[in-house]
Undergrad: 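One structure follows; several queries about it will come next.
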4 protein chains.
Amino acid sequence: MPKIIDHHKRKVRIAEATWKVIVDEGIEQASVRKIAKAAGLSTGSLRHYFSSQSELLRFSMEMVSERVIERAKAREYSEDISPLEFLTEGVYEVLPVNEERKIEMEVWLAFSAKVLVDSTLRELSNKVYSDMHQGLKNVVLALQSLQYAKDGLDLELEANRLHAIVDGMAMHHLLNPEHFTHDEMIQTLKYHLQSLCK
Amino acid sequence: MPKIIDHHKRKVRIAEATWKVIVDEGIEQASVRKIAKAAGLSTGSLRHYFSSQSELLRFSMEMVSERVIERAKAREYSEDISPLEFLTEGVYEVLPVNEERKIEMEVWLAFSAKVLVDSTLRELSNKVYSDMHQGLKNVVLALQSLQYAKDGLDLELEANRLHAIVDGMAMHHLLNPEHFTHDEMIQTLKYHLQSLCK
Amino acid sequence: MPKIIDHHKRKVRIAEATWKVIVDEGIEQASVRKIAKAAGLSTGSLRHYFSSQSELLRFSMEMVSERVIERAKAREYSEDISPLEFLTEGVYEVLPVNEERKIEMEVWLAFSAKVLVDSTLRELSNKVYSDMHQGLKNVVLALQSLQYAKDGLDLELEANRLHAIVDGMAMHHLLNPEHFTHDEMIQTLKYHLQSLCK
Amino acid sequence: MPKIIDHHKRKVRIAEATWKVIVDEGIEQASVRKIAKAAGLSTGSLRHYFSSQSELLRFSMEMVSERVIERAKAREYSEDISPLEFLTEGVYEVLPVNEERKIEMEVWLAFSAKVLVDSTLRELSNKVYSDMHQGLKNVVLALQSLQYAKDGLDLELEANRLHAIVDGMAMHHLLNPEHFTHDEMIQTLKYHLQSLCK
DNA sequence: GATGAATGAGACTTCATTCAT
DNA sequence: TATGAATGAAGTCTCATTCAT
């Protein structure tokens, strides 16, 4: 079914154009026209792929989460680094540590602000919350399995805490990069993970 | 003599109407018309108080931060509660623990998403970041002064961590209240503060 | 296949509607809405052809000058009339001698008043000035070539003078047609040209 | 009646503010608000002096012509210069030879473009046309009285011609000062006047 | 599938004017 | 006389969406 693949590829290309517009000009400026232009299409053509602006937006957001998940899945442990380093770097996947991830997270932040108001987006937001929560809980679990973790940690509360730290730091670095630098972000994460360990 | 009107009071009323619209319909729907209507004014009248939409938005946002600051300043220690409880409740001021604060933070989240794109808002965002950072650092400092805190805490990193936790949890509760409930938020905060103490 | 439309023809039609509005109601009343209505289009449609009001205005003005130039180019000498008559009638092309040219010049006068204030229009104004200056200089040159002209004329100053007379008379006849009639205009032009000749 | 004088003085001050706005931003931007601000008044106060925008505009224009007339009346011949020089300099009064007169004429040009469309302004325009025409006819007459003028000049046609040259040159210098400089304007006028003389 | 012309609503903003004080 | 708050219309421009081709 080559057609379908093309179809999907095209949608992905459009979603990437959408990201670009959102990052450059903000989600409010992400008009159908601008996205079409950024994707090198006519406005009419867009309609063959997305029948409405909401649908386009939702698809673009789903892609953000899919990318993160795929990256996380693709990670494999190599003996070059310590298990703790491996786990720490896993968390980097959801922090704005480089340009690519900054863009993803800016897009996601813009999207999140819309969730409050557009209930059709809620489902996706919830799904991503759950996925990420589970992923970070797994980090804590791994620390415990590896016998790194202190005794007496409350798994659920630690997951909440790590999750909040990660998203809070992401937001702080995106919005106030001068006050909360990339290095502070990394350092704070390491400090936190170490505080969980013996 | 012209009509005597308390200019500032009127501006505050308009800002409150702005909040209402933002919370009900999102910042993108916060048009001059809707705000004017919500404030019981004509669009033209709004211009006596705010010469542009940006100015109106900025004022409304400044009010959010001012309110938080005023509430924080107004707090006084009473012997009914323990010092640790007093500090913990101080942090509640910047968490969406009740309807009033939820509204403030929803407004603030919407605003934050705009900061990424509208650099004129950056200054305010930075100021609020700094204020809040200092406030939360003071909490850690207080724990140390009271001899509650563990030895060897890194003040700056602890402040980063607490700040990230607070904002991360606020976002999680606003966006995913079913998954991250009010009680979890409170419990996680207490858990974190306790983890800093002996 | 999309609707096939002669883009340029449509732009010309819109420009003509613009002229009509300017002549009927003045350049200040030449709003996008009124022009769209006069052209039988919606305001949104106008944007397919002109992305801003300035652009529309500029195009409409360029058309005035293009028409004049085309008319001038199309003129051919026939032996029915004397060379002097031929030259004189050439100058008529830039005088409000009939309804069509009155309209053109009213539009141009309105435009000129804007030039003082909108520097983006300056270029066009300068170009038209130069074209017309050259055209009128050629008239003087022709008189000299034909040996009609008096000896000792200063070509550049004569061009300045003829140019000023032409535009001055055009303005006087447009603004004060009762005081400065069509016939006086023609007569004065002939008088001037004759004064250059032996 | 000191009050009345004050009243009139205030109106003059407002008219001058109107000029300033017209020259700086164009007649289309000459809103009541801006004029009020430029004059240091409230919009409401303006209404005590001018009950409508048209009235204000008309008064401001009348002032232009009054100033020119007063200047012309105030001129007195002194033996330092030749009669021809005296006459020539008289014509300078209605040319944009310095900043002050440039402003007057810019204002007047803006006004003239409105005349085409607002018939209530016609009367003033006609009056000024007549006054100026008479003034320039007097220049030609003076040349004749002084026996400077060539024989056989047609007084009326010469007046038309001079009048057209003056207004045409004024327009050219205002709109295209790079192409038609101050010096060219002066030189062309002198050339023309000399061409009338023996 | 693809195009882009067309639409009309709605965005922000500026305006002249009215009017209570 | 003086003020400036208030209004509602109208300005330009952008938008999502429809639709003929």
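No hydrogens, no waters, no symmetry mates; every other heavy atom, side chains included, goes into these values. Residue numbers begin at 1 in each chain, while the letters A, B, ... track the order of the sequences.
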Undergrad: Counting distance only, does the side-chain N/O of W19(A) pair as donor-acceptor with the main-chain N or O of E104(A) below 3.5 Å?
TA: no
Undergrad: Calculate the interatomic distance between Q53(B) atom CD and dC12(E) atom C1'; express it in whole Å.
TA: 7 Å
Undergrad: Give DNA chain E the dot-bracket treatment, 5' to 3': Watson-Crick (N1-N3 with N6-O4 or O6-N4) or G-U (N1-O2, O6-N3) under 3.5 Å, [ ] crossing, | other strand.
TA: .||||||||||||||||||||
Undergrad: Give one of base, sugar-phosphate or nothing for F50(A), where a contact means two heavy atoms less than 4.0 Å apart.
TA: nothing
Undergrad: Taking only residues at least two apart or on different chains, which pairs with a member in residues 14-24 of chain C satisfy salt bridge (Lys or Arg N to Asp or Glu O under 4.0 Å)?
TA: E16(C)-R67(C), K20(C)-D24(C)
Undergrad: With the side chain of H48(C) defined as its heavy atoms from C-beta on, choose the nearest nucleotide among dA16(F), dA6(E), dT17(E).
TA: dA6(E)
Undergrad: Inspect the surroundings of CD in E123(D) and state if more than 12 heavy atoms from other residues, nucleotides or ligands are less than 6.0 Å away.
TA: no
Undergrad: What I'd like to find out is whether the side chain of K11(B) reaches to under 4.5 Å of the side chain of H7(B), using heavy atoms alone.
TA: yes
Undergrad: Quick one, I27(A) and E28(B) - any side-chain contact, counting heavy atoms below 4.5 Å?
TA: yes
Undergrad: May I have the distance from E28(B) (atom CD) to dA16(F) (atom P), rounded to whole angstrom?
TA: 11 Å
Undergrad: Quick one, L57(B) and K114(B) - any side-chain contact, counting heavy atoms below 4.5 Å?
TA: yes
Undergrad: Taking only residues two or more places apart in sequence, or in another chain, which ones meet W108(D) in a ring-ring contact (aromatic ring centres under 6.0 Å, His included)?
TA: F111(D)
Undergrad: Enumerate, atom names and distances included, each donor-acceptor pair closer than 3.5 Å involving a side-chain atom of residues 36-48 of chain C, sequence neighbours excluded.
TA:
residue : atom : partner : partner atom : Å
S42(C)  : OG   : S45(C)  : N            : 3.2
S42(C)  : OG   : S45(C)  : OG           : 2.9

Undergrad: Could you check how far CZ of R47(D) sits from P of dT18(E), rounded to whole Å?
TA: 7 Å
Undergrad: Go nucleotide by nucleotide along DNA chain F from the 5' end; which of S54(C) and G44(B) gets its closest nucleotide reached first?
TA: G44(B)
Undergrad: Base, sugar-phosphate, or nothing: which does T43(A) touch, judged by heavy atoms less than 4.0 Å apart?
TA: base
Undergrad: How many whole angstroms separate atom CD of E55(D) from atom P of dT17(E)?
TA: 11 Å
Undergrad: Give the rounded distance in Å between these two atoms: CG of L57(C) and C1' of dG11(F).
TA: 15 Å
Undergrad: Without decimals, in angstroms, what is the distance between H7(D) NE2 and dT1(F) C1'?
TA: 10 Å
Undergrad: Just how far, in rounded Å, is P of dC15(E) from CG of L46(D)?
TA: 14 Å
Undergrad: Kindly point out which of dA6(E), dA2(E), dC15(F) is positioned nearest to the side chain of R10(A)?
TA: dA2(E)
Undergrad: Measure the shortest side-chain to side-chain distance between T120(C) and R58(C) over non-hydrogen atoms and say whether it is less than 4.5 angstrom.
TA: yes
Undergrad: I need the CD-P distance between E25(D) and dT14(E), as an integer number of Å.
TA: 12 Å
Undergrad: OP1 or OP2 of dT14(F) less than 4.0 angstrom from a side-chain nitrogen or oxygen of S31(A), does that happen here?
TA: no
Undergrad: Hey, what do you get for CG (L124(C)) to CD (E62(C)), rounding to the nearest 0.5 Å?
TA: 5.0 Å
Undergrad: Can you check whether Y49(B) has a side-chain N or O nearer than 4.0 Å to OP1 or OP2 of dA5(F)?
TA: no
Undergrad: Can you tell me how far apart CG (L56(C)) and CE (M61(C)) are? Round to the nearest 0.5 Å.
TA: 8.5 Å
Undergrad: Would you say S45(C) reaches dA5(E)'s phosphate, i.e. side-chain N/O to OP1/OP2 under 4.0 Å?
TA: no
Undergrad: So M105(D) and L174(D), do their side chains get closer than 4.5 Å, heavy atoms only?
TA: yes
Undergrad: Kindly state which residues belonging to residues 32-41 of chain A come within less than 4.0 angstrom of DNA chain F, counting heavy atoms of the residue only, listed by number.
TA: V32(A), R33(A)
Undergrad: Specify the residues of residues 12-19 of chain C, ordered by number, for which at least one heavy atom lies under 4.0 angstrom from an atom of DNA chain F.
TA: none
Undergrad: Which part of the nucleic acid does S42(B) contact within heavy-atom distance under 4.0 Å: base, sugar-phosphate only, or nothing?
TA: base
